[in-house]
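Down below is the structure, laid out as structure tokens.
Owing to the predicted nature of the structure, the values given are computational and were not obtained by experimental measurement.
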Amino acid sequence: MQERAEQTRRTLLEAAASLFDERGYAGTSISDIAARSGHTSGAIYFHYASKEKLALAVVEGHFATWPPLIEQYTNTATPALERLVRLSFAVARAFRDDIVVRAGARLWTERTLIAVPLPPPFVGWIDAVTEMLERARAEGDLAPHIDPERAARTVVCAFFGVHTVSEALDRRRSIEDHLADLWALLLPSLQTRPIAAELFPMPRQA
């Protein structure tokens with residue numbers, strides 16, 4: 001019974017996410033979500049109580065994606081700067097391919113329409129990138145003039161700026177190419193010994 005309830009919650013969440021991503025918060029109704037999910041409005045209210053609570057669950061699902069992904073790319077023996085680049089591509093693919101991640105990002109930009117507090121963005125990313133850059137310094141790979149915390153803030157701003165533009169232009173279909181271009185600019189300024197691009201390949205998918 002519990003497994004069935006969890007499956008229903010997930011079905012409702014993904015149906016809501018797909019509609020929030022397509023139409024935005026204001027353009028999505030409970031009846032729309034019911035039709036998309038194949039469940040009744042009563043089932044939605046039973047599991048989520050309101051459209052606001054459902055939107056909150058989508059945003060929380062978005063943020064819940066990141067800690068295990070960060071852990072995956074921080075607990076390896078690979079040099080820290082390479083791990084940072086590879087993590088950025090994994091995040092980019094999640095924004096492009098994961099409906100809950102995409103919807104959560106859109107809902108956060110529409111937060112003034114949603115009458116519940118939403119988790120703050122970016123802070124966790126700045127902390128994670130700072131930690132990776134500090135590790136790169138310990139490994140001797142970070143240029144001596146770089147302040148890890150300030151650089152992390154700049155990297156995060158640049159990364160999400162690329163996502164915003166890519167979303168507006170082509171729904172992130174070319175995000176990996178845009179991200180490779182960004183790192184081609186950023187890496188030489190971060191590295192102690194800038195290396196040729198072919199020695200530091202961008203982990204794009206075929």
### Summary
Tightest non-hydrogen contact, residues A143 and S189, listed as CB-O, 4.0 Å
### Query
When rounded to the nearest 0.5 angstrom, what is the spacing between CD in Q191 and CG in L81?
6.0 Å
### Message
For the residue pair Q7 / T11, report whether a side-chain donor-acceptor contact shorter than 3.5 Å exists.
### Response
yes
### Task
Answer with yes or no whether the hydrophobic clustering places V101 together with L69; edges join I, L, V, M, F, W, Y residues whose side-chain heavy atoms lie under 4.5 Å apart.
yes
### Message
Looking at Q72, is its backbone amide N or carbonyl O close enough to the side chain of T76 to form a donor-acceptor pair, meaning the two atoms are under 3.5 Å apart?
### Response
no
### Summary
One should read off an interatomic distance between L187 CG and E82 CD, to the nearest 0.5 angstrom, of 10.0 Å
### Task
Assess whether side-chain contact (heavy atoms from CB on, under 4.5 Å) is satisfied between E22 and L19, documenting all intermediate values.
CA-CA 5 Å; E22 292 169 15; L19 287 164; 4.2 Å; yes
### Message
Does either side chain, that of T78 or that of R86, offer a donor lying less than 3.5 Å from an acceptor on the other one?
### Response
no
### Message
I'd like to know if V116 and L13 are part of one continuous hydrophobic network [Ile/Leu/Val/Met/Phe/Trp/Tyr, side-chain heavy atoms within less than 4.5 Å].
### Response
yes
### Message
Listing request: all ring-ring contact (aromatic ring centres under 6.0 Å, His included) pairs with a residue in residues 6-28, at least two apart in sequence or in separate chains.
### Response
F20-Y25
### Contact summary for V58 and G104, nearest pair of heavy atoms
CG1-N, 3.8 Å
### Query
According to a 4.5 Å side-chain heavy-atom criterion applied to Ile, Leu, Val, Met, Phe, Trp and Tyr, with indirect links allowed, do L113 and Y48 form part of one hydrophobic cluster?
yes
### Message
Apply salt bridge (charged side-chain N to carboxylate O under 4.0 Å, His left out) to residues R135 and E131 and explain how you reach the verdict.
### Response
CA-CA 6 Å; R135 182 61 185 166; E131 183 177 344; over 6 Å; no
### Query
Taking the side chain as C-beta and beyond, is there a heavy-atom pair between W125 and L87 under 4.5 Å?
yes
#### Entry: Main-chain N/O of A80 paired to E139 side chain as donor or acceptor, under 3.5 Å
yes
### Task
For the pair E6 and R10, evaluate salt bridge (charged side-chain N to carboxylate O under 4.0 Å, His left out) and give the outcome as yes or no after the intermediate values.
CA-CA 6 Å; E6 286 301 318; R10 185 66 191 180; over 6 Å; no
### Query
Does CZ in R36 sit with more than 12 non-hydrogen atoms of other residues, nucleotides or ligands closer than 6.0 Å?
yes
### Task
Looking only at non-hydrogen atoms, find the nearest pair between A34 and I44 and report the distance.
N-CD1, 3.6 Å
### Task
To the nearest 0.5 angstrom, please state how far the CD1 atom of I70 sits from the CG atom of N75.
11.0 Å
#### Entry: Nearest non-hydrogen partners of P117 and L56, listed with the distance
O-CD1, 3.6 Å
### Task
Is it possible for you to say whether F122 and L107 belong to one hydrophobic cluster, with membership spreading through side-chain heavy-atom contacts below 4.5 Å?
yes
### Task
Quick one: pull up CD in E134 and CG in D147 and give me the separation to the nearest 0.5 Å.
9.0 Å
### Message
For I33, is there any backbone N or O sitting under 3.5 Å from a side-chain donor or acceptor partner on S37?
### Response
yes
### Query
Between L118 and E60, is any pair of side-chain heavy atoms under 4.5 Å apart?
no
#### Entry: Sidechain N-carboxylate O distance under 4.0 Å for D32, K51
no
### Task
List the steps, then state whether side-chain contact (heavy atoms from CB on, under 4.5 Å) holds for F95 with H62.
CA-CA 9 Å; F95 270 103; H62 167 105; 3.7 Å; yes
### Task
Compare all side-chain heavy atoms of L84 with those of W183 and state whether any distance is below 4.5 angstrom.
yes
#### Entry: Donor-acceptor under 3.5 Å (R83 side chain, M132 main chain)
no
### Query
When you look at CZ of R111, are more than 12 heavy atoms from neighbouring residues, nucleotides or ligands closer to it than 6.0 Å?
yes
### Message
Using only atom types and a distance under 3.5 Å, with no angle test, would you say the side chain of W108 pairs donor to acceptor with the backbone of P119?
### Response
yes
#### Entry: I146 backbone acceptor or donor facing R137 side chain under 3.5 Å
yes
### Centroid-centroid under 6.0 Å between F159 and H178 rings
no
### Query
What closest approach, in Å, do P188 and L185 show between heavy atoms, and which atom pair accounts for it?
CD-O, 3.6 Å
### Message
To the closest 0.5 Å, what do you measure between CD1 (I175) and OG (S166)?
### Response
4.0 Å
### Query
Does a sphere of radius 6.0 Å around CD in E149 hold more than 12 heavy atoms from other residues, nucleotides or ligands, not counting ones at 6.0 Å or beyond?
no
### Query
Under the side-chain contact (heavy atoms from CB on, under 4.5 Å) criterion, do V129 and L133 qualify, and how do the steps go?
CA-CA 6 Å; V129 175; L133 293 179; 4.1 Å; yes
### Query
Can you tell me if T130 uses its side chain to pair, donor with acceptor, with the backbone of A152 under 3.5 Å?
no
### Query
Side-chain contact, heavy-atom cut-off 4.5 Å: R93 with L179?
no
### Nearest heavy atoms of L12 and A43, plus distance in Å
CD1-O, 3.9 Å
### Task
Report yes if the side chains of R9 and F46 come closer than 4.5 Å at any heavy-atom pair, otherwise no.
no
### Query
What orientation do F160 and H163 show, parallel under 30°, tilted 30 to 60°, or perpendicular over 60°?
tilted
### Task
Return yes if some donor-acceptor pair links the side-chain N/O of R102 with the main-chain N/O of R96 below 3.5 Å, else return no.
yes
### Task
State whether R106 and E167 are salt-bridged, where the test is any N-O pair (Lys NZ or Arg NE/NH1/NH2 against Asp/Glu carboxylate O) under 4.0 Å.
no
